[in-house]
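What follows is one structure encoded as structure tokens, with my remarks underneath.
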Amino acid sequence: QVQLVESGGGLVQAGGSLRLSCAASGTIFNLYAMGWYRQAPGKQRELVAIITSGGSTNYADSVKGRFSISRDNAKNTVYLQMNSLKPEDTAVYYCNLAGGTSLGYATNYWGKGTLVTVSS
């Protein structure tokens, strides 16, 4: 029942900034965490940042100090503020939600992805 709608991707010059948004809809019985992953062509999907239901955050070493994840509980939306972007940040970024189903099992929901291209 949960759907994730992403927005904010695009083309930006190196050193610039973008903010990605992910709005969750549907029935979430137990939200454990939301986060962002990314995948570049020919590479595996990797974790970028997560924020737990308690508000704690974690980041990949490659983005620490440059990216910031946040949430708006009223809007069921998670954001990824990306600053000081580098060409190696170019990838398709995917929103993820880890939560409980109606049966009480943990599961992961994924957005369709949004492309971020950083030019040098």
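Small disclaimer: the values here were computed from a predicted structure and weren't measured.
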Indicate if [X] and [Y] have the same hydrophobic cluster label, given that clusters are the connected sets of ILVMFWY residues with side-chain heavy-atom separations under 4.5 angstrom.
X	Y	result
Phe67	Val92	no
Val63	Tyr37	no
Tyr79	Leu20	no
Ile50	Val48	no

Minimum heavy-atom distance [X]-[Y], with the two atoms named:
X	Y	value
Thr77	Ser21	CG2-CB, 4.5 Å
Cys95	Val78	SG-CG1, 4.0 Å
Glu6	Tyr93	OE2-O, 3.7 Å
Tyr59	Ser68	OH-CA, 3.4 Å

Problem set entry | Partner residues of Gln39 under the side chain to side chain contact (heavy atoms under 4.5 Å, CB included) criterion, sequence neighbours left out |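 Residues passing side chain to side chain contact (heavy atoms under 4.5 Å, CB included) with Gln39: Arg45, Tyr94.
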Exercise. Asn83: what forms a side chain to side chain contact (heavy atoms under 4.5 Å, CB included) with it, not counting sequence neighbours?
Worked result: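 For Asn83, the residues satisfying side chain to side chain contact (heavy atoms under 4.5 Å, CB included) (neighbours in sequence not counted) are Ser17, Gln81.
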Exercise. Going through the distances and angles, do Met82 and Val118 end up as a side-chain contact (heavy atoms from CB on, under 4.5 Å)?
Worked result: CA-CA 11 Å; Met82 304 184 294; Val118 184; over 6 Å; no
Please list, one pair per line, the donor and acceptor atoms closer than 3.5 Å that link side chains of residues 9-16 to other protein atoms, with sequence neighbours excluded.
none

Problem set entry | Spacing of Leu47 atom CG and Ser62 atom OG [to the nearest 0.5 Å] |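 Going from the CG atom of Leu47 to the OG atom of Ser62 covers 9.5 Å.
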Exercise. Is Gln3 atom CD crowded by more than 12 heavy atoms from other residues, nucleotides or ligands, each under 6.0 Å away?
Worked result: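 No, because the 6.0 Å sphere around CD of Gln3 holds 12 heavy atoms or fewer from other groups.
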Exercise. Which pairs, with at least one residue in residues 98-116 and sequence neighbours excluded, count as a side chain to side chain donor-acceptor pair (under 3.5 Å)?
Worked result: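 Non-adjacent pairs meeting side chain to side chain donor-acceptor pair (under 3.5 Å): Asn96-Asn108.
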For this session: Scan residues 57-77 for pairs that pass salt bridge (Lys or Arg N to Asp or Glu O under 4.0 Å), counting only residues two or more places apart or in two chains.
Result: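 Sorted pair list: Asp61-Lys64, Arg66-Asp89.
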Could you pull out all donor-acceptor pairs under 3.5 Å where a side-chain atom in residues 26-36 meets a protein atom, sequence neighbours excluded?
residue	atom	partner	partner atom	Å
Asn30	ND2	Tyr32	OH	3.4

